Number of protein chains: 2
Amino acid sequence: MLRNEVSKKLGIDIETIRFYEKENLISKPERLENGYRSYSKENLVELKFIQHCRSLGVSIEEVRTLKDIQNLSTDCSQANLIIEKNLDLIEQKIEDLKNLRVQLKSLSESCFKTGAAKDCGIVKSLAQAAQGEDCVCHS
Amino acid sequence: MLRNEVSKKLGIDIETIRFYEKENLISKPERLENGYRSYSKENLVELKFIQHCRSLGVSIEEVRTLKDIQNLSTDCSQANLIIEKNLDLIEQKIEDLKNLRVQLKSLSESCFKTGAAKDCGIVKSLAQAAQGEDCVCHS
DNA sequence: CTTTGACCCTGTATCTACTACAGAGCTTAG
DNA sequence: CTAAGCTCTGTAGTAGATACAGGGTCAAAG
Ligand SMILES: [Zn+2]
Ligand SMILES: [Zn+2]
Ligand SMILES: [Zn+2]
Ligand SMILES: [Zn+2]
C-alpha cells in the first residue's frame with residue numbers, strides 16, 4: 001500500500017505517517033524498486049495503535065512505552081500508571097478550564113456591546129489588572 | 001529595576017521577560033551605563049498586562065491585538081470577539097476532555113491490577129483497537 | 001513521443017510559548 | 001584577588017505535527 005492510500009484509509013496525514021516513521025514508532029516499511037514505501041498490514045496495525053493512543057491523549061513517549069509493554073512485558077503496572085497519570089492530568093485540565101470559563105464569562109458579560117472602548121468592561125478590566133487594580137475576571 | 005527583581009516581583013521568569021521583549025510586546029527598557037536593562041514602571045504595567053491576558057488563556061497574537069485596542073481603538077468589538085472566541089474554544093476543550101475522561105476511566109476500570117499483562121483490559125483494548133476490533137474506550 | 005498531472009522522495013523550516021543553556025562580562029563581598 | 005552572583009548575547013530545544021522546496025517517477029492523454 002502506498003502512503004496516500006494508507007493516509008486516506010486511516011485518516012492520518014501523510015506527513016504525520018512519515019513523522020511516526022522518523023520517530024521509530026513504526027517498523028520501517030519495505031521499499032519498492034523505485035524507492036516508494038510499501039506499507040504492510042503490520043505497518044497499518046502499528047499506525048492504528050498510535051492513532052488510537054493519541055486519540056486518548058497519550059503522548060508519543062508513552063506510546064513508545066505502551067508498545068514495549070505489548071511486545072516485552074508480562075506485567076501491566078506501567079500501562080496502568082500511564083492511564084492513571086493521564087486521567088489525573090485531564091481532571092486537572094478540566095478544573096483549570098472551568099475556572100477559566102468563569103473568568104472569561106465575567107469578562108464577556110462586562111462588555112455591553114455599545115461599541116465604545118472606554119465603556120467596555122473587557123478593555124477596562126484588562127487595563128486595571130495591568131495597574132494592579134481589580135478586574136471582573138479575578139474577583 | 002533590574003530583571004531579577006522584576007521577575008521576582010511579578011512572578012514571571014527572567015527568560016520569559018526577555019522573550020516578551022524580543023516579541024516587541026513591551027517597550028524596550030532603558031539601559032544603564034553597563035548595558036543592564038532598567039525596567040520602568042511602564043514596563044511593569046506592560047508585563048502585568050501580558051501576564052494577566054496569558055492567565056486567561058489569551059494567545060500572544062491576541063495580546064498584541066488587545067494592546068493595540070487599548071492604545072488606538074475607540075471600539076471594543078474586536079476585544080469582545082477575542083474573549084468570545086476563547087470562551088467557545090474553552091467550552092469545546094472541556095467537552096473534549098470530558099469525553100476523554102470517560103474513555104480513560106473505562107480503560108482504567110478494565111485493568112484488574114492482577115499484574116499480568118495478558119489479563120489486563122488496558123493492554124488488551126489497545127491491541128484490539130489496533131487490529132480494528134472493539135475496545136472498552138470507544139464503545 | 002511528449003506532455004501533463006498526480007503521485008513519491010528527501011531535507012528543512014515553521015508553528016506556540018516558552019525554557020535552557022553556553023560563553024562572556026560586570027559587580028560586590030570577603 | 002577571588003569567588004559568587006548577577007547581567008549580557010545568541011542559539012538550541014521542547015511536542016507533535018504541518019508545510020514547503022526541489023527533485024524523481026509513473027500512467028494516461030494527445
Ligand atoms: Zn465591549
Ligand atoms: Zn482578571
Ligand atoms: Zn492492567
Ligand atoms: Zn478505544
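Since the model is a prediction, treat every value here as computed from it, not as a measurement. First the proteins, then the strands, lettered A, B, ... as listed; each starts at 1. Basis for what follows: all heavy atoms, side chains included, without hydrogens, waters or symmetry-related copies.
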Give the rounded distance in Å between these two atoms: [atom1] of [X] and [atom2] of [N].
X	N	atom1	atom2	answer
A/L25	D/dG16	CG	P	10 Å
A/E15	C/dC15	CD	C1'	14 Å
A/E21	C/dG11	CD	P	11 Å
B/E62	C/dA17	CD	P	8 Å
A/E23	D/dG13	CD	C1'	13 Å
B/L89	C/dT16	CG	P	14 Å
B/I50	C/dT16	CD1	C1'	15 Å
B/E33	C/dC26	CD	C1'	13 Å

Give a yes-or-no answer on whether the side chains of [X] and [Y] include a donor-acceptor pair shorter than 3.5 Å.
X	Y	result
B/E30	B/S40	no
B/E21	B/N43	no
A/D96	A/Q92	yes
B/D75	B/S73	no

Residue whose nearest DNA chain D nucleotide is more 5′ - B/N4 or B/K22:
B/N4
Answer yes or no: does a side-chain N or O of [X] lie under 4.0 Å from OP1 or OP2 of [N]?
X	N	value
A/R18	D/dG16	no
A/S59	D/dA15	no
A/R54	D/dA17	yes
B/R37	D/dT7	no
A/Y20	D/dG16	no
A/Y36	D/dC26	no
A/R64	D/dA15	no
A/R31	C/dT10	yes
A/N34	D/dC26	yes

Donor/acceptor link under 3.5 angstrom from B/E5 side chain onto base of D/dC6
no
Between B/T16 and A/G35, which has a closest nucleotide on DNA chain C that is more 5'?
A/G35
Which nucleotide in the list D/dT7, C/dT10, D/dT18 gets nearest to the side chain of A/R3?
C/dT10
To the nearest 0.5 Å, tell me how far B/I69 CD1 sits from B/Q78 CD.
5.0 Å
Can any side-chain N or O of A/Q103 pair as donor or acceptor with the backbone N or O of B/L56 at less than 3.5 Å?
no
